[in-house]
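The structure appears right after this line, and notes come after that.
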Amino acid sequence: MKTGFKKKAIPFIATTVLATTALTTQTLFNDGGKPNAKAQSLSKEEVKKNGASWLAGDHHVHSEWSVGWDNSTTPPTAIRGGDAIYPIVKNAENGKKYGLDWMMTTDHGGPNHSKVNLEQAYPELLKSREAVPDVLQFYGMELDTPGADHSTLMIPKGENESQVLYDLESKFNSREAYPNDPSRNTESKMIEALNYMKQMDELPISIAHHPSRSAAGVGAWGQDTPQEFRNWNDTAPNISIGMEGAPGHQAAAINPDGTLDPKGSRGSYSNANAPTMGGFDQMSAIVGGLWDSMLGEGRHWWITATSDSHVNWRDGGSDFWPGEYSKTYVKAEKNYEDVMENLRQGNVFVTTGDLISELDVKVQAGGKSPLHAEAKGNSASIGETLTLPSKKSDVTVTVRIKDLNAANSHGDKPNVQRVDLIMGEVNGKVEDRSTASNPTTKVVKRFTESDWKKDGEYITITYTLKDVDKDSYIRLRGTNTDQLEPVQDPKGENPWNDLWFYSNPIFIQADK
């Protein structure tokens, strides 16, 4: 399957129109054994997506090649295992153990670290791919982002992937030079890097890490700012595609014996004025906040969830193993190219604590009549855009969730207590690029068990948005708690008691 991203740009909002010519006689959702026409149900073919399935992954994992540094030498000498401690293959083995289909080693940079990645880390990655073939293992790094905090730099798999990373790290990682070169740590250097990447035959992906970990308070941004995100995304919308919604280091309050450390902060967000909220970064967790501001411009700006694994909590660290707590699910065929393409397209949802393992969302616009809507109505799913067939249309949202009746890695069987449908308007680019709010975004409906149908491990929800006539978007969120909104996480919180899932958006384009 070709990615179609060779030196090309996708439309700012890609429009997807899926027309069907006949109603399927077998639907995934039914009411008393009879097809539920009102639900505009997903057919088996649509769910399978030609062989695609929800694949769990983690794009932010550190190995022993996140080194320490002996500064007594000139230049400093890399100390293997000085920052993160595990071999690449051990991370992969644990990723497999905890249910991952794909993952990525993202080691820190530093003085001349491009050679460490090229000459030492990459050969170990190749060995790990052979040793654990069930897990797709991407190559890349945690970029010391010029003028900002850290970012995933994911390299497309290929024969020259090691040289591609060496080239990018040596040219653009802000800490690569020795002696230190302050000119490498500017936003203009990041824009230069993105423009350079745009010319590559196979485009990499960049995702901002723990975006408000350095914030001084709610909305008091640190190293990462809304302006930077907009500038990156404007420069390279197919490369700079989003941010971690749920950062790693979620086990920072868990001691090696399993007790809780009252001083530990989820995500290692140590500033009490700017903690995580339900384990999610404030940029994603606040309805109508920064993420919704970006979506309100029509931006394809997605969120993910990662482990940021360095040292596991059982060994005295602050981290879960890859897949042990956080998962980024991508709807794709299980190969490197398709996973990367669908991550780029935002066909993604995230979850913590294995709260859910599947999340299919379909929106369908009404046609000239209910029968016409079922037969020929436009539809779209996560990461896509629905085009309304008229200036004012009812839009039916159908949600299918797999709520596992199985223990997670903590031995719990968490249940979804509530699902929120969130909607906001798309009003184009903001004049003030520091804008971090979208006042049109709100929770339009909260669903509890009495509102959905349960069939084994599957939950089905159907809801109709009446008379939609504006460019907009929807997204889903759910939790095992009774919190109406995710609250600020106190120090010492048990992360297993506070679980959430988030979908990426579906855009709706009004008929002009």
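Sequence positions, counted from 1, serve as the residue numbers for this chain. The figures that follow rest on heavy atoms only: side chains count, while hydrogens, waters and symmetry mates do not.
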message = Distance alone, cut at 3.5 Å: any donor-acceptor contact between the side chains of R314 and N312?
response = yes

note = Taken to the nearest 0.5 Å, the spacing of S357 OG from K402 NZ works out to 5.0 Å

Y139 ring center near Y122 ring center (under 6.0 Å) = yes

inquiry  = side-chain hydrogen bond (donor to acceptor under 3.5 Å, both in side chains) for E142 and H60? Distances and angles first, verdict last.
reply    = CA-CA 7 Å; E142 180 169 42; H60 187 179; 3.1 Å; yes

request  = Output yes when R433 and D234 qualify as a salt bridge under the 4.0 Å nitrogen-oxygen rule, no when they do not.
outcome  = yes

key: Aromatic centroids of F229 and W301 separated by under 6.0 Å   = yes

ask   = Would K171 and E176 pass as an ion pair if we require N to O under 4.0 Å?
value = no

query = Is E161 salt-bridged to R129, going by a charged N under 4.0 Å from an acidic O?
reply = yes

task = For the pair N335 (side chain) and D338 (backbone), establish whether a donor and an acceptor sit closer than 3.5 Å, ignoring hydrogens and angles.
result = yes

request  = Please state whether the rings of W54 and F349 are parallel, tilted or perpendicular, taking 30° and 60° as the class boundaries.
outcome  = perpendicular

ask   = Would Y86 and H62 count as a close aromatic pair, with their ring centres under 6.0 Å?
value = no

Mutual orientation of the aromatic rings belonging to W291 and Y502 [parallel < 30°, tilted 30-60°, perpendicular > 60°] = tilted

query = Between R213 and D281, is the closest basic N to carboxylate O distance under 4.0 Å?
reply = no

ask   = So, W496 versus Y325, ring centres under 6.0 angstrom or not?
value = yes

key: Residues D498, R266: salt bridge by 4.0 Å N-O rule   = yes

request  = For residues 55-67, pull every pair meeting salt bridge (charged side-chain N to carboxylate O under 4.0 Å, His left out), keeping only residues two or more places apart or in separate chains.
outcome  = E64-R80

message = Are I422 and I474 packed together at the side-chain level, in the sense that at least one heavy-atom pair is separated by less than 4.5 angstrom?
response = no

ask   = Can you tell me if H108 and H310 form a side-chain donor-acceptor pair at under 3.5 Å?
value = yes

key: S174 (side chain) donor-acceptor with D144 (main chain) under 3.5 angstrom   = yes

query = Checking R400 against Y458: charged group under 6.0 Å from the ring centre and within 45 degrees of the axis?
reply = yes

task = Before giving the answer on side chain to side chain contact (heavy atoms under 4.5 Å, CB included), spell out for N91 and W321 the whole-Å C-alpha distance, their side-chain angles and the decisive distance to 0.1 Å.
result = CA-CA 7 Å; N91 286 332; W321 286 114; 3.7 Å; yes

message = Walk me through whether S293 and S437 qualify under side chain to side chain contact (heavy atoms under 4.5 Å, CB included).
response = CA-CA 5 Å; S293 177; S437 65; 5.6 Å; no

query = ring-ring contact (aromatic ring centres under 6.0 Å, His included) between Y269 and H249: does it pass, once the steps are laid out?
reply = CA-CA 9 Å; Y269 280 42; H249 303 314; 9.3 Å; no

request  = Count the heavy atoms belonging to other residues, nucleotides or ligands that lie under 6.0 Å from NZ of K115, then report whether that count exceeds 12.
outcome  = no

task = For V89, check side-chain contact (heavy atoms from CB on, under 4.5 Å) against everything at least two apart and list the hits.
result = P87, E93, S128, A131, V132

ask   = Can a salt bridge be assigned to the pair K90 and E124 using a cut-off of 4.0 Å between side-chain N and carboxylate O?
value = no

inquiry  = Taking the side chain as everything from C-beta on, heavy atoms only, tell me whether D167 gets closer than 4.5 Å to Y196.
reply    = yes

inquiry  = Counting only heavy atoms from other residues, nucleotides and ligands, does the tally under 6.0 Å from NZ of K96 exceed 12?
reply    = no

remark   = Given the options T225, N231, T145, E187 meets side chain to side chain donor-acceptor pair (under 3.5 Å) only with N231

inquiry  = So which atom in A285 and which in R477 form the shortest heavy-atom distance, rounded to 0.1 Å?
reply    = O-NH1, 4.0 Å

